Amino acid sequence: MYNNIQLSKLMFLSWEIQRKRKLNRTNALRSAWAILQNEDITIYYLTRRFSHTHYPNKVASQNLTLFNR
């Protein structure tokens with residue numbers, strides 16, 4: 001179903017969430033799972049949030065990913 005690379009990304013992200021947000025393990029895993037399942041929406045939101053209104057983005061959001069592949 002999922003390979004080791006995807007599972008390691010999930011675990012890494014959940015550990016970061018748990019540490020930074022001080023959540024328990026279950027909630028951190030749940031948050032990481034939601035982020036990874038909705039990666040395209042997350043990228044769109046982050047690109048839009050951190051873009052300036054005075055000039056367009058230098059990188060198209062279609063070419064961005066959360067993790068290097």
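These numbers were taken from a predicted model, which means no experiment stands behind them.
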Give the minimum heavy-atom separation between Ile35 and Thr42, together with the two atoms involved. O-OG1, 3.7 Å
When you measure from the side chain of Asn27 to the backbone of Leu23, do you find a donor-acceptor pair of N or O atoms at a distance under 3.5 Å? no
Intermediate values then yes/no, side-chain contact (heavy atoms from CB on, under 4.5 Å), Ile17 and Leu29: CA-CA 8 Å; Ile17 291 170; Leu29 271 170; over 6 Å; no
Quick one: closest heavy-atom pair of Ala28 and Ser14, and the distance? CB-O, 3.4 Å
Sequence neighbours left out, what passes salt bridge (charged side-chain N to carboxylate O under 4.0 Å, His left out) with Arg25? Give chain and number order. none
Please answer whether the main-chain N or O of Gln6 pairs with a side-chain N or O of Asn3 as donor and acceptor at a distance below 3.5 Å. yes
Run the salt bridge (charged side-chain N to carboxylate O under 4.0 Å, His left out) test against Lys20 and tell me which residues pass, sequence neighbours left out. Glu16
Rounded to the nearest 0.5 Å, the CG atom of Leu46 sits from the CD1 atom of Ile41 at a distance of 12.0 Å
Drop me the distance from Asn4's CG to Met11's CE, to the nearest 0.5 angstrom. 12.0 Å
Does Ser8 have any side chain to side chain contact (heavy atoms under 4.5 Å, CB included) partners at least two apart in sequence or in another chain, and if so, which? none
To the nearest 0.5 angstrom, please state how far the NZ atom of Lys9 sits from the CG atom of Leu7. 11.0 Å
Distance col, row Leu10:CG vs Trp15:CH2, nearest 0.5 angstrom, shows 10.0 Å
